[in-house]
S.K.: 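Encoded as structure tokens, here's the structure I'll be asking about.
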Amino acid sequence: MSAGHVVIVGAGQGGLQAAMSLRQAGHEGPITLIGAEKGLPYQRPPLSKAFLKTGEADKLALRPASYFEKKVITFRPGSRVDAIDRQARVVRIGDGEIPYDHLILATGTRNVVPPLPGIDRALGLRTLEDARALRQALERPRRVAVIGGGFIGLEFAAVARALGHQVTVAEAAPRLMARAVSPEMSRRFEALHRSMGTGLHLDAPVAEVTDAGVVLGDGHMIAADLVLLAAGVRPNDALAVAAGLPVANGIVVDECLCTPDPRIYALGDCAAFPDPVSGLAIRLESVQAATDHARTIARSISSGQPCRFDAVPWFWSDQADCKLQIAGLATPEDEEMPAGEKAVLRFRNDRLTAVETLNDAKIHMAARRLLASDHVPTRDILAAKDYDLSAF
Ligand SMILES: Cc1cc2nc3c(=O)[nH]c(=O)nc-3n(C[C@H](O)[C@H](O)[C@H](O)COP(=O)(O)OP(=O)(O)OC[C@H]3O[C@@H](n4cnc5c(N)ncnc54)[C@H](O)[C@@H]3O)c2cc1C
């Protein structure tokens, strides 16, 4: 069993999981978890969903304060790591420094802020503080404009609409959630949001935010007194860059989530890792990736043996009464094959890459099992069963 000091930078979903998994795996040495945000580590997914309605912040905490004492984990909230000195093997916080034997970078992402006139009038949705500000803004009747028709923008739009606000979404791409789902699923969610009375502008890049609302590239004006900016995120990789570690849309790690410095790992939203299926470098923004990365790193550190990351990705999004679940990983170019009302299968070169389901947890779980197995059925075999995954 390992006994060195593990320092984790970032106390979000993945950072906390790394600390927990290290103790579960029997790591006996000290663990220090450092988070820039104040308060206990919390879950972000409810911030664009239930929290906007209920405001119940207590329910978001991933572990109570007593957990850290019980597991002998030094938790330092409200502390930002300013630099990593790889020679001295220390991280710097203000004037102080903390030595490490192993360092885990779990710094997450920050919102992309496009350089548009008036963009600072828009609010973001990344932290509990952001969600509190939005919730407060939604206490009065509003005309809401959402910049970005991805998961977070659409989840927020669905809640705001359900609360009775007038909502309009502007999306620069020709379809909703284009990076992550099939054209068929985009159409279904477009229909859902339109049926709720939400205005949708597709192929509609925003040119400016003013006191009166949002101006689109073609001059169209969306009148709004609350604007949410949900136009994507960038990995927090500045510490890695300054420390001379390679970054390319995230902190570059190998199949064991280790940087070229064998003492430094990266996980979750900030890590660019090789997709176990294609070998291509990818970065995933999901609870599953952050937690499964953390478990893999904890196994490597505690056993002293490098462990490969090979989990099947999965993701979910709740919009109104629709739960979208995605198992596997498709690119926007992958072919789509609708299978009944509730599922869409994705293929690349006739190989099943992902399965999207709507309100069907059973098929989602079947897809995860199938994609994780050594014998993923070919397209022919799936076609012979009418693409019904429950038949496998
Ligand atoms: C509104 C919202 C809704 C979401 N919904 C879903 C969903 O439905 N399903 C899903 O799978 N995923 C969802 N996600 C994504 C999911 O929350 C993230 O993928 C996950 O939190 C990533 O975990 P992480 O540990 O990599 O980063 P984070 O949880 O973002 O944590 C990173 C932490 O590092 C801290 N940090 C950064 N730099 C420093 C530094 N120098 N020093 C100290 N601390 C630092 C940050 O302050 C932050 O607290 C959602 C995200 C948001 C914002």
Side-chain angles (χ1 to χ4, degrees), residues 7-20 32-52 60 62 75-84 91-94 98 103-111 123-132 134-135 146 148 150-159 177 180 228-230 232-243 250-251 257 265-273 283-294 297 313-319 322-327:
V7 171
I8 304 164
V9 185
Q13 191 90 45
L16 173 68
Q17 184 66 51
M20 297 194 312
T32 303
L33 176 64
I34 306 166
E37 291 182 72
K38 292 188 184 124
L40 292 166
Y42 61 91
Q43 338 167 34
R44 293 183 203 281
L47 298 183
S48 51
K49 308 176 184 76
F51 176 81
L52 291 170
L60 302 180
L62 286 161
F75 174 43
R76 295 189 51 166
S79 304
R80 179 171 289 280
V81 170
D82 302 316
I84 304 164
V91 296
R92 296 196 201 288
I93 303 176
I98 302 176
L103 180 64
I104 302 176
L105 300 177
T107 48
T109 51
R110 62 188 183 283
N111 287 337
L123 301 182
L125 179 46
R126 179 81 212 150
T127 63
L128 177 55
E129 212 177 312
D130 295 339
R132 281 197 172 114
L134 284 163
R135 196 178 130 66
V146 178
F151 290 119
I152 291 176
L154 292 174
E155 289 175 359
F156 176 81
V159 174
M177 302 178 284
L228 175 74
L229 174 63
V233 294
R234 290 273 179 276
N236 288 326
D237 55 13
L239 281 179
V241 173
I251 303 166
L257 306 162
Y265 297 82
L267 64 73
D269 282 16
C270 70
F273 65 100
R283 200 174 57 73
L284 296 179
E285 293 152 20
S286 73
V287 167
Q288 173 273 329
T291 51
D292 283 342
H293 283 174
I297 294 171
W314 55 268
F315 193 86
W316 81 94
S317 174
D318 295 327
Q319 297 172 37
C322 285
K323 181 179 274 299
L324 166 67
Q325 290 174 295
I326 304 170

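Numbering of ligands and ligand atoms starts at 1, following listing order.
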S.K.: Identify the protein heavy atom lying closest to atom 21 (O) of ligand 1, giving its residue, its atom name and the separation to 0.1 Å.
M.R.: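 Result: Gln13 CB, 3.7 Å.
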
S.K.: Starting from atom 49 (O) of ligand 1, what is the nearest protein heavy atom, named by residue and atom, and what distance separates them?
M.R.: Glu37 OE2, 2.6 Å

S.K.: Using modelled atom types and a 3.5 Å cut-off, is there a donor and acceptor pairing between side-chain atoms of Asp318 and backbone atoms of Lys323?
M.R.: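 Flag not set: sc Asp318 to bb Lys323 has no pair under 3.5 Å.
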
S.K.: Yes or no on side-chain contact (heavy atoms from CB on, under 4.5 Å) for Leu40 and Leu62, after CA distance, side-chain angles and deciding distance?
M.R.: CA-CA 8 Å; Leu40 292 166; Leu62 286 161; over 6 Å; no

S.K.: Just verifying a value: how many Å separate Met177 CE and Phe151 CZ, rounded to the nearest 0.5 Å?
M.R.: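 Reported to 0.5 Å precision, the distance equals 6.0 Å.
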
S.K.: Is Ala238 close enough to touch ligand 1? Criterion: a residue heavy atom under 4.0 Å from a ligand atom.
M.R.: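 In this structure, Ala238 fails to qualify as a contact of ligand 1 - no heavy atom is under 4.0 Å.
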
S.K.: Among Gly108, Ser48, Pro235, Ala83, which one has a heavy atom closest to atom 1 (C) of ligand 1?
M.R.: Ser48

S.K.: Listed by chain and number, what are the salt bridge (charged side-chain N to carboxylate O under 4.0 Å, His left out) partners of Arg76, not counting sequence neighbours?
M.R.: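 Checked Arg76 against salt bridge (charged side-chain N to carboxylate O under 4.0 Å, His left out); zero matches.
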
S.K.: First locate atom CG of Leu47, then atom CG of Asp130, and finally report the distance between them rounded to the nearest 0.5 Å.
M.R.: 8.0 Å

S.K.: What atoms of ligand 1 come closer than 4.0 angstrom to any heavy atom of Ser286?
M.R.: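 Heavy-atom distances to Ser286 below 4.0 Å select 11 (O), 12 (N), 19 (O).
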
S.K.: For atom 11 (O) of ligand 1, what is the nearest protein heavy atom, given as residue, atom name and distance?
M.R.: Val287 N, 3.0 Å

S.K.: Which part of Ala289 is near ligand 1, with near meaning a heavy atom under 4.0 Å away: side chain, backbone, both or neither?
M.R.: neither

S.K.: Who gets closest to atom 14 (N) of ligand 1 by heavy atom: Ala294, Ala290, Pro45?
M.R.: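 Selected option, by shortest heavy-atom distance: Pro45.
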
S.K.: Considering heavy atoms of the protein only, find what lies nearest to atom 10 (C) of ligand 1 and give residue, atom and distance to 0.1 Å.
M.R.: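 Its nearest protein heavy-atom neighbour is Phe315 CE1, 3.4 Å.
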
S.K.: Among all the protein's non-hydrogen atoms, which is closest to atom 19 (O) of ligand 1, and how far away is it?
M.R.: Asp269 OD1, 2.7 Å

S.K.: Search all heavy atoms of Cys270 against all heavy atoms of Pro235 and return the closest pair with its distance.
M.R.: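 Taking Cys270 first and Pro235 second, the nearest heavy atoms are CA-CB, 4.0 Å.
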
S.K.: Between Thr107 and ligand 1, which part of the residue brings a heavy atom under 4.0 Å of the ligand: side chain, backbone, both or neither?
M.R.: both

S.K.: Determine, stepwise, if the pair Val287 / Gln43 fulfils side-chain contact (heavy atoms from CB on, under 4.5 Å).
M.R.: CA-CA 9 Å; Val287 167; Gln43 338 167 34; over 6 Å; no

S.K.: Need the ligand 1 atom indices (1-based, order shown) with element for anything under 4.0 Å from a heavy-atom of Ile34.
M.R.: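 Selected atoms, number and element: 43 (C), 44 (N).
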
S.K.: Give a yes or no answer on whether the side chain of Asn236 reaches the backbone of Thr107 with a donor-acceptor pair at less than 3.5 Å.
M.R.: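 Looks like yes, one N/O pair under 3.5 Å.
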
S.K.: Decide side-chain contact (heavy atoms from CB on, under 4.5 Å) for Val233 and Ile152; before the verdict, give the C-alpha distance in whole Å, the side-chain angles of both, and the deciding distance to 0.1 Å.
M.R.: CA-CA 11 Å; Val233 294; Ile152 291 176; 6.0 Å; no

S.K.: Can you confirm, on distance only, whether ligand 1 has an N/O atom lying under 3.5 Å from any N/O atom belonging to Val81?
M.R.: yes

S.K.: Quick one, Glu285 with Phe315, criterion side-chain contact (heavy atoms from CB on, under 4.5 Å). Give me CA distance, side-chain angles, the key distance, then yes/no.
M.R.: CA-CA 9 Å; Glu285 293 152 20; Phe315 193 86; 5.6 Å; no

S.K.: Does Ser317, backbone or side chain, put an N or O under 3.5 Å from an N or O of ligand 1?
M.R.: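 No - when backbone and side-chain N and O of Ser317 are compared with those of ligand 1, no distance drops under 3.5 Å.
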
S.K.: Could you list the residues that satisfy salt bridge (charged side-chain N to carboxylate O under 4.0 Å, His left out) with Arg135, not counting sequence neighbours?
M.R.: none

S.K.: With atoms numbered from 1 as shown, which atoms in ligand 1 lie under 4.0 angstrom from a non-hydrogen atom of Trp316?
M.R.: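 In order of number, 7 (C), 8 (O), 9 (N), 10 (C), 11 (O).
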
S.K.: Show me which atoms of ligand 1 lie under 4.0 Å from any heavy atom of Leu239.
M.R.: 41 (N)

S.K.: His293 vs Phe273 aromatic rings, parallel, tilted or perpendicular, using cut-offs 30° and 60°?
M.R.: perpendicular

S.K.: Nearest to atom 32 (C) of ligand 1, what protein heavy atom do you find, and at what distance?
M.R.: Ala106 O, 3.4 Å

S.K.: Whether Arg283 and Asp237 form a salt bridge (side-chain N of Lys/Arg under 4.0 Å from carboxylate O of Asp/Glu) is what I want to check.
M.R.: no

S.K.: I'd like to check which ligand 1 atoms, numbered from 1 as shown, lie under 4.0 Å from a non-hydrogen atom of Arg126.
M.R.: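 Taking each heavy atom of Arg126 in turn, ligand 1 has 30 (O), 53 (C) under 4.0 Å.
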
S.K.: Side chain, backbone, both or neither: which applies to Phe151 and ligand 1 if a contact is any heavy-atom pair less than 4.0 Å apart?
M.R.: neither

S.K.: Which of the numbered atoms in ligand 1 are below 4.0 angstrom from a heavy atom of Gly268?
M.R.: 26 (O)

S.K.: Short list, please: which atoms of ligand 1 are under 4.0 Å from a heavy atom of Val9?
M.R.: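 Checking each atom against Val9, I get 40 (C), 42 (N), 43 (C).
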
S.K.: Output the list of atoms in ligand 1 that are nearer than 4.0 Å to some heavy atom of Lys49, sorted by atom number.
M.R.: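 By the 4.0 Å cutoff, the relevant atoms are 5 (N), 6 (C), 7 (C), 8 (O).
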
S.K.: Check Ala294 against Gly14 and note the closest heavy-atom contact, atom names and distance.
M.R.: CB-O, 3.5 Å

S.K.: Can you tell me which residue and heavy atom of the protein come closest to atom 25 (O) of ligand 1, and the distance to 0.1 Å?
M.R.: Gly14 N, 2.7 Å

S.K.: How long is the gap from CD on Gln13 to CG on Leu267, to the nearest 0.5 Å?
M.R.: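 Taking CD in Gln13 and CG in Leu267, the distance rounds to 11.0 Å.
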
S.K.: Give me the nearest non-hydrogen protein atom to atom 15 (C) of ligand 1 as residue plus atom name, then the distance to 0.1 Å.
M.R.: Glu285 O, 4.0 Å

S.K.: Please work out whether any backbone atom (N, CA, C, O) or any side-chain heavy atom from C-beta onward of Ala36 is under 4.0 Å from ligand 1, and answer side chain, backbone, both or neither.
M.R.: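 Near ligand 1, Ala36 shows its backbone as well as its side chain.
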
